[in-house]
There are 2 protein chains.
Amino acid sequence: MPPATPPGRTGRPPVTSRAAIVSAARSLIDRDGWEQLTIRKLAAELNIGPTTLYHYVKNKQDLLLLLLNEYAAQMALPDLPEAPRDRIVEVTQALHDMLAAWPWAAEVLTVDGFLGLLDEPALSIVELIVDAAVDHGCTLDQAVDVFRSLWYYTIGEVLVRAHSSRGHADGEHLVQRATFHNLESPRLPRLSAVASRWRALAARDIYRKSLEAFVDGLLAQATAARTGQRTRSAKR
Amino acid sequence: MPPATPPGRTGRPPVTSRAAIVSAARSLIDRDGWEQLTIRKLAAELNIGPTTLYHYVKNKQDLLLLLLNEYAAQMALPDLPEAPRDRIVEVTQALHDMLAAWPWAAEVLTVDGFLGLLDEPALSIVELIVDAAVDHGCTLDQAVDVFRSLWYYTIGEVLVRAHSSRGHADGEHLVQRATFHNLESPRLPRLSAVASRWRALAARDIYRKSLEAFVDGLLAQATAARTGQRTRSAKR
DNA sequence: ACCTGAACACCGTTCAAGT
DNA sequence: ACCTGAACACCGTTCAAGT
């Protein structure tokens with residue numbers, strides 16, 4: 001739906017808009033999966049030439065960033081618990097769930113300096129985590145470290161699981177052909193013992209449980225560092 | 001260097017071999033970076049047609065797996081500390097360092113069921129971590145969870161940092177154009193306070209420190225679960 | 001038994017020319 | 001002011017035909 005040419009403007013009227021592009025991209029992803037989002041297919045969806053898109057977005061990365069910021073703005077935050085430790089867990093879990101639902105976002109967010117490219121809604125999630133860590137007693141620097149650590153864990157989990165489900169979605173049967181017979185070696189006693197159950201174990205969702213362990217470990221480490229207390233970790 | 005046709009075999013002699021392909025791939029990566037490793041460029045390196053490669057490897061994924069297993073076989077393991085907790089940390093750190101040096105490996109390893117595709121040298125690293133967790137007192141299932149959690153953290157860190165350095169290596173200056181002015185919002189007080197220092201903070205290597213916090217958190221959680229002790233994490 | 005070129009079905013992006 | 005087709009410089013992979 002081309003917007004009406006505003007008064008006082010001249011020249012050929014536009015056939016699309018940034019908003020229409022973002023919305024078309026969303027429906028393309030919802031319908032065919034995010035792997036199908038290409039500049040050319042998006043243009044076809046909008047009935048315009050692929051090159052016309054470059055008048056509205058700088059490049060594909062720019063388009064994904066646009067999509068991501070719009071998505072983050074719509075994200076509903078959970079109720080925030082009072083205890084700072086629980087706040088960190090809940091907000092990080094919400095961040096995880098958002099990324100798990102839109103795994104393409106995780107791939108964009110592995111680019112360097114991505115934080116500087118985010119709009120306020122997305123940044124407010126980072127703010128909440130850093131703020132909660134400071135409330136718990138961390139210094140600002142420690143709080144940033146807490147966020148970064150949880151970020152690595154979260155994005156790693158999302159990326160691995162995204163690639164896993166992609167394998168299932170496609171016609172690829174690599175998964176089923178992986179016999180795990182390599183696990184059955186006398187030099188690998190522990191793995192042999194779980195070989196038959198490995199797939200079932202690996203399918204279990206342990207994100208939340210390990211997130212809590214990580215948060216507790218990070219906060220304890222930060223406290224120990226501040227009080228000069230000797231911990232196992234501080235030995236090194 | 002085409003191997004001599006063995007006696008008792010007939011037909012057109014081969015112009016290359018699996019070993020030659022893997023070795024050419026390695027030198028291509030070492031020379032031009034792993035993003036430059038394509039089937040076509042690898043074939044050019046070997047002075048053969050791109051399609052000939054498909055007689056030796058099933059597809060590109062298969063080639064990367066070949067490369068990965070060869071790399072893992074050459075990996076030197078650190079001295080193993082006696083304390084199980086320290087052994088987990090050291091082996092995971094070694095795994096991290098291996099992946100950090102060869103970040104393309106991390107991308108292969110996000111495919112589902114990759115464990116079933118690994119050869120024994122690569123699997124023995126997993127074995128060491130699971131074994132150390134069991135030695136510490138974990139059940140086998142808990143030990144697998146410990147490995148998976150550390151794996152997510154490790155691969156997340158490697159992928160983010162790999163994409164970061166890629167941005168620096170290329171002519172892209174996205175990083176330098178990211179002004180971080182979005183961080184300077186009155187609604188983001190914590191981020192505003194670190195905005196100017198964010199880049200320096202994010203460049204710090206915190207992998208080891210947070211790894212120790214994670215391991216301690218995971219082992220404490222596993223112990224608490226076994227002894228039925230109430231912890232913060234067990235509340236939920 | 002092994003190799004090959006041509007072809008298929010795509011990508012993101014640039015750019016001079018058109019309306 | 002905006003849009004376009006043609007072109008550039010690539011991908012991974014298949015397959016019938018050749019040696």
Side-chain angles (χ1 to χ4, degrees), chain A residues 1-21 24-25 28-29 32-67 104 107-108 111 166 170-174, chain B residues 1-21 24-25 28 32-67 104 107-108 111 166 170-172 174:
Chain A
M1 46 202 93
T5 310
R9 297 279 298 297
T10 171
R12 192 167 173 173
V15 291
T16 189
S17 65
R18 261 172 104 93
I21 288 170
L28 192 63
I29 290 174
D32 300 336
W34 77 272
E35 299 90 340
Q36 298 301 312
L37 177 66
T38 66
I39 294 283
R40 294 170 116 103
K41 280 179 184 152
L42 182 53
E45 187 86 359
L46 290 157
N47 289 311
I48 61 174
T51 58
T52 306
L53 269 169
Y54 285 86
H55 275 259
Y56 298 91
V57 298
K58 199 161 55 66
N59 50 35
K60 195 180 179 183
Q61 159 104 310
D62 188 41
L63 170 69
L64 293 175
L65 225 38
L66 224 55
L67 225 43
W104 57 263
E107 311 232 1
V108 190
V111 302
R166 176 159 56 171
D170 290 14
E172 300 176 34
H173 295 288
L174 246 178
Chain B
M1 45 199 91
T5 310
R9 296 277 299 298
T10 172
R12 193 167 172 172
V15 291
T16 187
S17 66
R18 260 172 105 91
I21 288 170
L28 192 63
D32 300 336
W34 77 272
E35 300 90 341
Q36 298 302 312
L37 177 67
T38 66
I39 293 285
R40 293 171 116 100
K41 280 179 185 152
L42 182 54
E45 188 85 0
L46 290 157
N47 288 311
I48 61 174
T51 59
T52 305
L53 268 170
Y54 286 86
H55 275 262
Y56 298 90
V57 298
K58 196 161 58 66
N59 50 35
K60 196 180 180 183
Q61 160 102 309
D62 188 42
L63 170 68
L64 294 176
L65 225 39
L66 224 56
L67 225 42
W104 57 263
E107 311 231 1
V108 190
V111 304
R166 175 158 59 171
D170 290 13
E172 301 176 33
L174 247 176

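All heavy atoms count here, side chains included; hydrogens, waters and symmetry mates do not. Residue numbers begin at 1 in each chain, while the letters A, B, ... track the order of the sequences.
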Q: Using atom CD1 of B:Ile21 as one end and atom P of C:dC2 as the other, report the distance to the nearest whole Å.
A: 12 Å

Q. Within the distance-only criterion (no hydrogens, no angle test), does the side chain of A:Arg18 pair as donor or acceptor with the backbone N or O of A:Tyr56 below 3.5 angstrom?
A. yes

Q: Return the value, rounded to whole Å, for the distance between atom CG of A:Leu64 and atom C1' of C:dG12.
A: 12 Å

Q. So what's C:dC15 paired with, Watson-Crick or G-U wobble, going by both distances under 3.5 Å?
A. D:dG5

Q.
Between P on C:dA9 and CZ on A:Arg40, what's the gap in Å once rounded to a whole number?
A. 15 Å

Q) When you compare C:dC10 with D:dA9, how far apart are their C1' atoms, in angstrom units rounded to a whole number? A) 13 Å

Q.
On the nucleotide D:dC11, are OP1 or OP2 found under 4.0 Å from the side-chain N or O atoms that B:Lys41 carries?
A. yes

Q) Side chain of A:Ile39: nearest nucleotide among C:dC3, C:dT13, D:dC2? A) C:dT13

Q | Atom-to-atom span, NZ of A:Lys58 to P of C:dT13 - whole angstrom | A | 9 Å

Q: Carefully, step by step, assess A:Leu63 and A:Leu53 under the rule side chain to side chain contact (heavy atoms under 4.5 Å, CB included).
A: CA-CA 10 Å; A:Leu63 170 69; A:Leu53 269 169; over 6 Å; no

(Q) From NE2 of B:His55 over to C1' of C:dG5, roughly how many Å is that when rounded to an integer? (A) 13 Å

**Q.** Student check: side-chain heavy atoms of B:Val108 and B:Leu67 closer than 4.5 Å
**A.** no

**Q.** Candidate list A:Val15, A:Leu28, A:Ile21, test side-chain contact (heavy atoms from CB on, under 4.5 Å), partner A:Leu46, passing option
**A.** A:Ile21

Q.
In this structure, how many angstroms lie between the C1' atom of C:dG12 and the CD atom of A:Gln61, rounded?
A. 13 Å

Q: Ignoring backbone atoms, test whether A:Tyr54 places a side-chain nitrogen or oxygen under 4.0 Å from the OP1 or OP2 oxygen of D:dC3.
A: no

Q: Could you state the atom-to-atom distance from CD of A:Gln36 to P of C:dG12 in whole Å?
A: 11 Å

(Q) Measuring from atom OG1 of A:Thr51 to atom CZ of A:Arg40, what distance do you get when rounded to the nearest 0.5 angstrom? (A) 10.0 Å

(Q) Could you tell me how far C:dC3 sits from D:dA16 if I compare only their C1' atoms? Round to whole Å. (A) 13 Å

Q | Watson-Crick or G-U wobble partner of C:dC10, both distances under 3.5 Å | A | none

Q. Quick one: is D:dT4 close enough that its OP1 or OP2 comes under 4.0 Å of any side-chain N or O from A:Thr52?
A. yes

Q) Of the nucleotides D:dA6, D:dT13, C:dG12, which one has an atom closest to the side chain of A:Thr51? A) D:dA6

Q) With distance as the sole criterion, do the side chain of A:Thr38 and the base of C:dG12 form a donor-acceptor contact below 3.5 Å? A) no

Q: Round to a whole Å and report the spacing from CG of A:Leu37 to C1' of C:dG12.
A: 12 Å

